[in-house]
Amino acid sequence: MRSTMYPPLVTLLIFSAICVHAEEISTSIPDDAAEEPVLRVRSLPTTINVVEKNWTSLSEMLDVFSARNLVRNWIEGKYPVGVQCGKDITTYVNALKNEELWALKVDDASGRFTNGFFWGNSYFTGSATECDYIGKTSSYQTYSKKYVEDSKVSTFEEVREFNMEPRKRINTGFSGTNTWIETDSIETPFQLGFYMLKLSINVSYTPTRLIHLGVCLPFSCTASDVAIIGKLATSEFTAKHLTIEKVRDQHNLYDMYTDPVFWILSGVSAMVLILMILGTGYDYHLSKKLVCKKNVIYDLEKHGKLEQLSNGDRKIINDVQGKVYLPVPVADSSSNGTQSINNNNSHENGLQSSTKEEQHLSIFEELLLSFSVPANVKIICDRNVGGDTISTVHGLRAISMAWVILGHTCIIVFKYSDNMEYRKVVEKRLLFQTITNGAFSVDTFFFMGGLLVSFLYFRTNAKGDLKRLTQGTRGFAAGTLKFIGLLVYRFCRLTTPYMFVLGVVEVSMKYFYTNSVFEPPTADHYNCPNYWWRNMLYINTWFPVEQMCMLWSWYLADDTQFYIVGGVILILATNHFKIAAFALVSLLISSWVTTGYIALVNNHMPSLDDPLALFDKIYDKPWTRLGPYLIGMTVGYFLFKTDCKLKMSKTTVVVGWLLSFACLLSLLYGLYEAELTPVTAAAYSSLSHSAWALSLAWIVIACSTGYGGYVNKILSWPLLYPFSRVTYCSYLVHPLVIRLTAMNLDSPFHLGKDIMMIMFLGQLVLSYALSFVISIAFEAPVVSMLKIVSPKKRKRIQ
């Protein structure tokens, strides 16, 4: 035994002596005489100490909320927080020290810096869903444990309760203990709440940034308490550069069931639903009655009892609201499509003159049928266009609406993303100019609005239909009646679905303001209850954008104001065409001059600035967007005067199309990497919208006069008609759909071309689906009722 242990012992003593001797030598040698390896080893600790003293990592700089800091700094009773909040925080801090599972989960649900700060990540949101789940875990685990104990399960199985994720129970032998139940069974000692803090951080390496921080803390803490706790949970370095701007808590949650607007919307929806059910049922009843009467006619035809038909006791009800007509059989097919019956007893003339016997439906019946779902769906999905409609407009509407939805989707996704700097990367690409210059899509709508108003007014006036409004009056009185009639019709048609959607926006934004981890993009929760009347009067663009409800409704306000101005010009043109033309040109030039002056004074650079940079000065103001509407009115008058018939040479057609496409493409992509002088930029801001409308003018004229070719086939494709007819409702609801998607998120988006395309397609489909519903429920019935009460009812013979 001694012989086996002696050599190791001797070796250990010799090694120790050598180490001591080496240390004495190294300490006795001067620094300049020491060997290089010794210097390197001895200088290493000094170097590390210097780095630790002078360098702070990015995670420490952005340590905006940390449980370690809270544990280190918290002393109960020292800070001005609520009594119960202080007790709960003490319990939470002690549980963190003891590494209790519930406390670790609470800490895990709170947000903190992770990565991507310089890539645009300003959302340290944590997980509100996880925080909410922790508070519910106790009752869930109790139910789950009872379920497992009461059921005889196999060795390895999954247990799923309610809508939670599946949990696995591992067999622990014959003991019967449930390991995961005991490990995960936690019970929070207090109710939890989720708080959103808006922090302003100002450090030398970046401009002042707003950070949105979500923290999971005791529900007993108020917003002021959380502000103090947030300071304690911030590192000493970060606290010097950080200011807590605002705290949103969950103590004053919005209860929609106490909001009268919610009950008004519910009542209106219920009433409309009942009317739709009754209208559909009555329409079905009339259709069945029509089928029965047709069968009787066919039976009489079969037996040659035509004389019974002339007595007027067989009536066929028209499928549209209004009058009921009796078609009398004739020998041959008539031009209006009435069923013809051959009279074998009459060969002299070959045709028998037809007479009609009318049976009126009551006003109540007509109004009820306005809510018929099948009838309204048939109108929306009709593949034919009326004689007073320019088919090309349908395609322009549908394409422009998709373009608008794309632009608004990008705006919202950019705002709520964790890599917003990626936007600067994609903005440098040529094709992204399609989104950057998406404002031209609105100019398309303005152009079409002026076009249709002018074209339909002159055509209707030429037919003499407007004389029903004037009722024999002349001069100024007749013009006033026409103007009032046009204004009332437009107001009733637009306002009904508009006010309904506005109410939905108000209620939903109130809810998300208190329940979402993100702040709404605009203050609709405040502006809509206070300034909704501005929207109803279509004057909301006259006020600051900070006070605007339904920000996207600026278009409706401008278009209505243009409609009023255009209506005056059109009525004036009936008897004083030169004066009306002079007024139109004067307004057009003044709009150009005003826009250019505003752009020049504000040094607006379209090639560099955000398209919405001067929203409150240029973008939404009617005096800067009037040009396309007036150009559209001019084109509408031109098409009326030519009756959509025009002869052009092949050279003129080719040159026209080349100039039109060149202008459109240059407006979309011409500013790519361009540097403009202030004067040039002002001129571009002033004239670009009108230039866009002029390019569209050629497309509409060419397609309407037979020179459209494939472009006309695309824009007049019947499949686009239904989408065009619900464009108004889709414009109203699509921003709400996009907001609902963002506000329901628990964490920000992550930008990428694939996710953007998926988001856009999803928003497009859902927006149109909802727009069909709103159009059938509100817009289409109102249009039908306006036709019923109008002086001139549409009559169709079946």
Side-chain angles (χ1 to χ4, degrees), residues 261-262 264-265 268-269 272 376 380 394 397-409 411-412 438-439 441-442 444-446 448-449 452 489-510 512 520-522 524-525 527-529 531-541 548-563 620 722-743 760 762-783 786:
V261 176
F262 171 77
I264 292 175
L265 292 175
V268 170
S269 300
V272 171
N376 290 331
I380 293 175
H394 288 292
R397 267 207 209 109
I399 295 173
S400 298
M401 191 64 246
W403 194 3
V404 170
I405 295 177
L406 174 62
H408 287 169
T409 301
I411 291 175
I412 295 298
S441 62
V442 185
T444 304
F445 284 113
F446 285 141
M448 291 187 295
L452 294 177
Y489 179 86
R490 179 181 176 86
F491 180 83
C492 295
R493 180 181 180 275
L494 297 186
T495 306
T496 303
Y498 183 17
M499 289 296 103
F500 179 81
V501 175
L502 187 145
V504 175
V505 170
E506 178 182 334
V507 172
S508 60
M509 291 302 107
K510 285 180 180 177
F512 285 117
T522 55
D524 289 329
H525 60 281
N527 291 336
C528 290
Y531 305 121
W532 60 270
W533 56 272
R534 298 176 181 175
N535 295 67
M536 190 175 69
L537 296 177
Y538 299 92
I539 58 173
N540 45 316
T541 53
M548 192 176 294
C549 167
M550 278 182 67
L551 185 61
W552 61 97
S553 65
W554 71 268
Y555 162 76
L556 301 179
D558 281 2
D559 192 66
T560 301
Q561 295 168 35
F562 297 161
Y563 182 85
D620 73 324
F723 300 99
S724 171
R725 293 186 178 110
V726 298
T727 294
Y728 174 59
C729 291
S730 63
Y731 184 84
L732 289 176
V733 303
H734 83 272
L736 181 60
V737 173
I738 299 173
R739 289 185 177 193
L740 294 180
T741 302
M743 294 292 100
F760 163 64
Q763 303 302 327
L764 183 68
V765 173
L766 186 56
S767 297
Y768 268 107
L770 290 179
S771 66
F772 270 95
V773 175
I774 294 178
S775 181
I776 292 172
F778 294 96
E779 185 183 21
V782 170
V783 173
L786 288 174

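Note that the numbering runs from 1 along the sequence shown for the chain. Excluded from the calculations below are hydrogen atoms, water molecules and symmetry mates; all remaining heavy atoms, backbone and side chain alike, are included.
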Compute whether any side-chain donor of one residue and acceptor of the other, for Asp620 and Thr541, lie under 3.5 angstrom apart.
no

Side chains of Ser553 and Asn540: is there a donor and an acceptor less than 3.5 Å apart?
yes

To check you understand the geometry: which heavy-atom pair defines the closest contact between [X] and [Y], and what is its length?
{"X": "Arg725", "Y": "Ile380", "answer": "NH1-O, 2.8 Å"}
{"X": "Ile539", "Y": "Ala557", "answer": "N-CB, 4.5 Å"}
{"X": "Ala777", "Y": "Val272", "answer": "O-CG1, 3.4 Å"}
{"X": "Phe491", "Y": "Met536", "answer": "CE1-O, 3.3 Å"}
{"X": "Leu732", "Y": "Val501", "answer": "O-CG1, 3.7 Å"}
{"X": "Cys549", "Y": "Asn535", "answer": "O-ND2, 2.9 Å"}

Is there a side-chain contact between [X] and [Y], using heavy atoms and a 4.5 Å cut-off?
{"X": "Leu494", "Y": "Leu556", "answer": "no"}
{"X": "Asn527", "Y": "Thr522", "answer": "no"}
{"X": "Tyr731", "Y": "Met401", "answer": "yes"}
{"X": "His408", "Y": "Val404", "answer": "yes"}
{"X": "Thr741", "Y": "Thr409", "answer": "no"}

Could you tell me if the ring centre of Tyr498 sits under 6.0 Å from that of Tyr538?
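Between Tyr498 and Tyr538, the centre distance is under 6.0 Å.
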
Apply ring pair (Phe, Tyr, Trp, His ring centres under 6.0 Å) to the pair Tyr555 and Phe446, showing each step before the final yes or no.
CA-CA 9 Å; Tyr555 162 76; Phe446 285 141; 5.1 Å; yes

Heavy-atom donor-acceptor pair, Asp524 side chain to Glu506 backbone, under 3.5 Å
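No; zero donor-acceptor contacts below 3.5 Å.
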
Side chain of Trp552, backbone of Pro735: donor and acceptor closer than 3.5 Å?
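Pair absent, no side-chain N/O of Trp552 close to backbone of Pro735.
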
Here the gap from Tyr489 atom OH to Tyr563 atom OH, rounded to the nearest 0.5 Å, amounts to 8.5 Å

Which donor-acceptor pairs under 3.5 Å do side chains of residues 769-776 form with protein atoms, sequence neighbours excluded?
| residue | atom | partner | partner atom | Å |
| --- | --- | --- | --- | --- |
| Ser771 | OG | Ser767 | O | 3.3 |
| Ser771 | OG | Tyr768 | O | 2.7 |
| Ser775 | OG | Glu779 | OE1 | 3.1 |

Could you pull out all residues at least two apart from Phe512 that satisfy ring-ring contact (aromatic ring centres under 6.0 Å, His included)?
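So Phe512 forms no ring-ring contact (aromatic ring centres under 6.0 Å, His included) with any residue.
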
Could you walk me through whether Arg397 and Phe445 pass the side-chain contact (heavy atoms from CB on, under 4.5 Å) check?
CA-CA 7 Å; Arg397 267 207 209 109; Phe445 284 113; 4.2 Å; yes

